[in-house]
Amino acid sequence: MPLMNGREVLYFTGNSLGLQPKTTQDYILRELEDWASFGVEGHFHARMPWYSYQDFLTDQIAEILGAKPVEVVAMNSLTANLHLLLVSFYRPSKERYKIICEYDAFPSDLYALQSQAKYHGFGEDAVIYLRPREGEYLLREEDVIAAIQREKDSLATVMLGAVNYYTGQFFDLAKISKAAHEAGATAGFNLAHAAGNVILKLHDWDVDYACFCSYKYLNAGPGSVSGIFVHERFANDKNLPRFAGWWGNDPDTRFTMPRDFVPAKGARSWQVSNAPVFLMAALKASLDIFTEAGLSNLRKKSEQLTGYLEFIINDINDQAMKKGEEKPVEIITSSDPGKRGCQLSLIIMKHGKGFHRKLIDQGVIVDWREPDVLRAAPVPLYNSFEDVYRFGKILQNSV
Ligand SMILES: Cc1ncc(COP(=O)(O)O)c(C=O)c1O
């Protein structure tokens with residue numbers, strides 16, 4: 001159990017900010033030492049030369065995303081990356097200009113999509129928001145596909161949160177990408193809540209573009225570096241428009257200071273600026289732990305942990321209902337492990353936002369998302385079954 005302000009807590013907010021690996025300080029310290037020792041020469045002579053720092057992360061990121069190394073790169077921050085990807089993959093015309101997203105997508109995604117449509121001169125009808133059916137919390141996959149088919153003559157791109165931040169719903173990215181392609185549109189996903197949480201196979205699922213952050217399940221620290229996926233079929237497409245910067249230029253000629261941009265192969269050509277080494281060092285510390293633990297092992301434990309939390313909550317509900325009381329907790333996340341990551345989104349029936357504070361006061365760190373959801377994410381790297389059991393006891397005594 002982590003200590004926070006000297007107090008032991010049950011930490012279930014890896015969906016917001018992952019905990020710090022014990023090795024992070026050493027990884028960052030190494031770069032501070034190399035900076036002190038080498039100055040500018042560190043770009044080529046640091047133990048992990050900064051000129052190539054992003055490349056030290058590529059294979060491990062590719063594994064986490066189910067991608068080929070050429071398809072991924074760490075760079076910038078999340079919403080900035082979404083904009084950069086939309087510049088290339090949202091190429092609207094007068095006839096084909098619409099974007100499909102979730103109604104309850106994370107606001108930053110909504111702002112990015114709305115402002116991109118506006119930037120291209122389109123009005124409010126450009127963004128189509130998919131809502132769950134009346135009385136339901138989750139989007140039905142058949143409704144997503146039907147919306148794509150319905151908009152097939154006007155759709156430019158589909159951009160969903162691969163795992164929705166609010167409901168914890170994990171979409172079928174392959175099915176949605178296929179439908180988008182059949183409609184003549186591109187398919188992109190925000191992996192903020194998916195990377196390091198669920199098993200992804202972006203290459204095989206034929207996703208066009210995606211961005212991820214590293215401060216949630218990838219434990220790289222607040223505001224840490226983000227990254228992108230661009231499918232291999234665009235790796236050599238020099239004509240695909242992009243907002244270029246010198247770090248996206250072919251690294252072999254970058255320092256010859258060419259006047260004309262020569263894109264590096266693959267996702268790396270979307271880089272704009274030189275690598276934020278301290279942030280990347282923090283990400284490297286975490287990726288090494290993922291490699292050691294093994295993605296499939298983590299996912300196996302994750303399914304068991306979340307299944308255990310679900311079991312405990314169902315038991316709390318059963319006991320209350322046996323006493324003739326109303327069900328105190330509604331789990332809005334799917335009960336199918338294949339349709340969720342580790343997070344369960346809960347509606348605590350008789351309580352509002354104050355309930356969240358009540359849990360925190362009892363040492364349970366969960367978070368609250370307006371209007372009415374409590375999110376709890378047991379993370380396999382650092383949460384135990386005992387954590388979940390103790391949370392269950394506190395929940396039972398508080399609802
Ligand atoms: C789905 C999603 N999109 C966007 C963001 C915003 O990310 P950033 O502030 O790193 O751009 C978040 C942050 O939690 C998120 O969960």
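Just so you know, ligand 1 is whichever comes first in the structure, and atom 1 is the first atom listed for that ligand. Atom set for the values below is all heavy atoms of this structure, side chains included, hydrogens, waters and symmetry mates excluded.
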Please tabulate, one line per pair, the protein nitrogen or oxygen atoms found under 3.5 angstrom from a nitrogen or oxygen of ligand 1, with distances to 0.1 Å, or say none if there are no such pairs.
unit_1: ligand 1; atom_1: 3 (N); unit_2: D109; atom_2: OD1; d: 2.9
unit_1: ligand 1; atom_1: 3 (N); unit_2: N190; atom_2: ND2; d: 3.2
unit_1: ligand 1; atom_1: 7 (O); unit_2: Y215; atom_2: OH; d: 2.9
unit_1: ligand 1; atom_1: 10 (O); unit_2: Y215; atom_2: OH; d: 2.6
unit_1: ligand 1; atom_1: 11 (O); unit_2: T79; atom_2: N; d: 2.9
unit_1: ligand 1; atom_1: 11 (O); unit_2: T79; atom_2: OG1; d: 2.5
unit_1: ligand 1; atom_1: 14 (O); unit_2: K216; atom_2: NZ; d: 2.7
unit_1: ligand 1; atom_1: 16 (O); unit_2: H193; atom_2: NE2; d: 2.9

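If you check the side chains of S226 and N81, you find a donor sitting under 3.5 Å from an acceptor. In summary, the side chains of S302 and Q304 do not present any donor paired with an acceptor at a separation below 3.5 Å, with no hydrogens or angles considered. Using a 3.5 Å distance cut-off with no hydrogens or angles, the side chains of E102 and N164 do pair a donor with an acceptor.
Of all non-hydrogen atoms in R299 and I199, the two that sit nearest each other are CG-CG1, 3.8 Å.
Between L84 and R242 there is no side-chain heavy-atom pair separated by less than 4.5 Å. Between S384 and D387, some side-chain heavy-atom pair lies under the 4.5 Å cut-off.
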